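None of the values given here were measured: they were computed from a predicted structure.
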Amino acid sequence: MWEEIDMHEEENGRKKRRLLILILIIAGALFAAYIVLCQIVVQNDAIWGNTTVNGVALKGLTYEEAREAVLQKYDEDYADAAITIRLDGNEYKIPVYQLLEIDVTDEIDKAYELGHGSWFASGAEWIGMQLSGGATENVEVEPTLKEDADIAKAIADSGILEYKSLVDTTWDVTETSLIIHKGVSGQTANQEQLTALVTEALNNLNFSEPIDCPYNTETPAAPDFQAIADSIYKEPANATLDPANGYAIVPGVLGTALDPQAAASAYEAAAEGTDVEVPLTVTEPDITSADMEANLFADRLGTYQSTVTGTNDKRTNIRLASEAVNGVILMPGEEFSYNGHVGNTTEDKGYKTAAVYKNGKVEYETGGGVCQVSSTIFAAILYTDLEVTQRQCHSMVVTYVPYGMDATVYWDQPDFRFVNNHAYPVRLDVSFDGSDIYVEIWGTQESDLTVEPRVEQTGTLTFTTYRDYYDAGGNLVDSEYIGGSKYKPVS
């Protein structure tokens, strides 16, 4: 009996040992399989879960592939997105892509987290995911406004700030009038308020509704009428001659002036969009082109003739000097210089040796005799009212002009000079026929007075020269002192 019981217990013990061994074998196999599963799972770098971010399925993508796919989807969705702004019937677009940014780091991290943590836990996570059925998780991530978004530049680039329906005031100037085209009030964008609205739309990602641009109403600025008057103002200028163009007549210039106060008053009284004409004050010049054509060299103002004696060499010198000054035209205010036109009387210019007064006696030098030309011109000038600015008498008396009416010259001093103090040009005509020098001063008679020279003897060989001015009735109305002369006896 006891033997049967012992045998039964021994059999049960063997069964238990066999069961335990089987369990251990199965457990070992399962553990080995789990280890293999973990190894396989760890080697898989892809996202496991059925996660979508902004509609992009991430399952099966690596971390970088998932990030790139979501960002590409953002580019596609927002590349053409723009805010529309309306102003005065016009539309302007502000692209938003460069102003926004999207950050999907947290979402990609979370999706990638499953199965990519502890190596040993990855197998259990995979088994758990399989048992859960792999439910899909949809995540939406919206872009946000960049911290450094230059909204002001984006608005400016749209061109809206350049728009203005305001019409500025302009003006034109004619010979007689200032024509003002008064502008018209209009709209311009209010940049500060518009920036606030665009910022709000970007923050709310509201790109479907156009923005009505806040605007300022501006009126055209009034012109600076004083500045216009300054630019218009011109003094009248007489017609003149152009020495560089064959002394052709240069037309006179009308004087013009604008009353800035009158222009401002007319502008204020005018309606927007209308033209305002403001007359200019126009002043004719004293000498118009017609006056110049009619009066140029019309009158012989003075004349004188002197007879030449002496050698042929002296006559040669007189001929050359006469030719040098013949035809000289003096513009109003211009000064004539005898030496300036004749120059140094040198042999290479053809001048010969002839008698001159020098150091109180008669000597012989190249150019002797040219003083008779300057003296004859001076004598003719004394019959005019032209201003004598430099004249010196000879050291000894000469015989070809009266005492006190000679003018000595030498290179380069003394010189003989006079100024054209007339409003019209003056021409000097000088000729020599071999025996006589003829001088004529041609210009325009600007006075009714007649001029006569007068020489008073004040000592043995001292004289004072005057000009006397007579009216049409022969009455002396003025006398002008010209200069004194003091001679030495001829030695």
**Student:** For Ser306, is there any backbone N or O sitting under 3.5 Å from a side-chain donor or acceptor partner on Thr376?
**Tutor:** no

**Student:** Are the side chain of Arg467 and the backbone N or O of Ser479 linked by a donor-acceptor pair below 3.5 Å?
**Tutor:** no

**Student:** Is the side chain of Glu365 donor-acceptor paired with the backbone N or O of Lys352 at a distance under 3.5 Å, no angle test?
**Tutor:** no

**Student:** So which atom in Gln193 and which in Pro214 form the shortest heavy-atom distance, rounded to 0.1 Å?
**Tutor:** OE1-CB, 3.2 Å

**Student:** Thinking salt bridges, do Glu65 and Arg67 make one under a 4.0 Å N-O criterion?
**Tutor:** no

**Student:** Mind listing the closest non-hydrogen atom pair of Pro453 and Leu382 along with its distance?
**Tutor:** CB-CB, 3.8 Å

**Student:** May I ask you to say whether Arg300 pairs ionically with Glu440, meaning some side-chain N is under 4.0 Å from a carboxylate O?
**Tutor:** yes

**Student:** Under 30°, 30 to 60°, or over 60°: which ring-plane class applies to Phe418 and Phe416, parallel, tilted or perpendicular?
**Tutor:** tilted

**Student:** Counting only N and O atoms by type, is there a donor-acceptor contact under 3.5 Å from the side chain of Thr465 to the main-chain atoms of Val455?
**Tutor:** no

**Student:** With distance as the sole test, does Ser158 use its side chain to make a donor-acceptor pair with the main-chain N or O of Ile155 at under 3.5 Å?
**Tutor:** yes

**Student:** Answer yes if the side chains of Thr444 and Asp299 hold a donor-acceptor pair under 3.5 Å, and no otherwise.
**Tutor:** no

**Student:** At their closest point, which heavy atom of Leu166 faces which heavy atom of Thr219, and how far apart are they?
**Tutor:** CD1-C, 3.7 Å

**Student:** Can you tell whether the side chains of Glu335 and Arg417 come within less than 4.0 Å, N to carboxylate O?
**Tutor:** yes

**Student:** For the residue pair Thr105 and Asp103, confirm or rule out a side-chain donor-acceptor distance under 3.5 Å.
**Tutor:** yes

**Student:** Look at the side chain of Tyr400 and the backbone N and O of Val373, then say whether any donor-acceptor pair between them is shorter than 3.5 Å.
**Tutor:** no

**Student:** For the pair Asn475 (side chain) and Asp471 (backbone), establish whether a donor and an acceptor sit closer than 3.5 Å, ignoring hydrogens and angles.
**Tutor:** no

**Student:** Taking everything shown except Glu76 itself, do over 12 heavy atoms lie less than 6.0 Å from its CD?
**Tutor:** yes

**Student:** Would you call the rings of Tyr78 and Phe207 parallel, tilted or perpendicular, taking 30° and 60° as the class edges?
**Tutor:** perpendicular

**Student:** Below 4.0 angstrom, N of the basic side chain to O of the carboxylate: do Asp150 and Lys146 qualify?
**Tutor:** no

**Student:** Charged N to carboxylate O below 4.0 Å: is that the case for Asp415 and Arg391?
**Tutor:** no

**Student:** Should the ring pair Tyr466 and Tyr481 be called parallel, tilted or perpendicular, given that the plane angle runs from 0 to 90° and is split at 30 and 60?
**Tutor:** perpendicular

**Student:** Before accepting this row, confirm whether a basic side-chain N of the pair Lys73/Asp77 lies closer than 4.0 Å to the acidic partner's carboxylate O.
**Tutor:** yes

**Student:** Would you say the side-chain atoms of Ser375 pair up with the backbone N or O of Gln372, donor to acceptor, closer than 3.5 Å?
**Tutor:** no

**Student:** Supply the atom-to-atom distance Glu268 CD to Lys182 NZ, rounded to the nearest 0.5 angstrom.
**Tutor:** 5.5 Å

**Student:** With rounding to the nearest 0.5 Å, note down the distance linking OG1 in Thr366 to NZ in Lys349.
**Tutor:** 12.0 Å

**Student:** Closest heavy-atom contact between Phe297 and Val426?
**Tutor:** CE2-C, 3.7 Å

**Student:** Within the distance-only criterion (no hydrogens, no angle test), does the side chain of Asp468 pair as donor or acceptor with the backbone N or O of Glu452 below 3.5 angstrom?
**Tutor:** no

**Student:** Where the side chain of Asn317 meets the backbone of Gly368, is there a donor-acceptor pair that is under 3.5 Å apart?
**Tutor:** yes

**Student:** If you measure from CD1 on Ile441 to CG on Leu386, what distance do you get to the nearest 0.5 Å?
**Tutor:** 7.0 Å

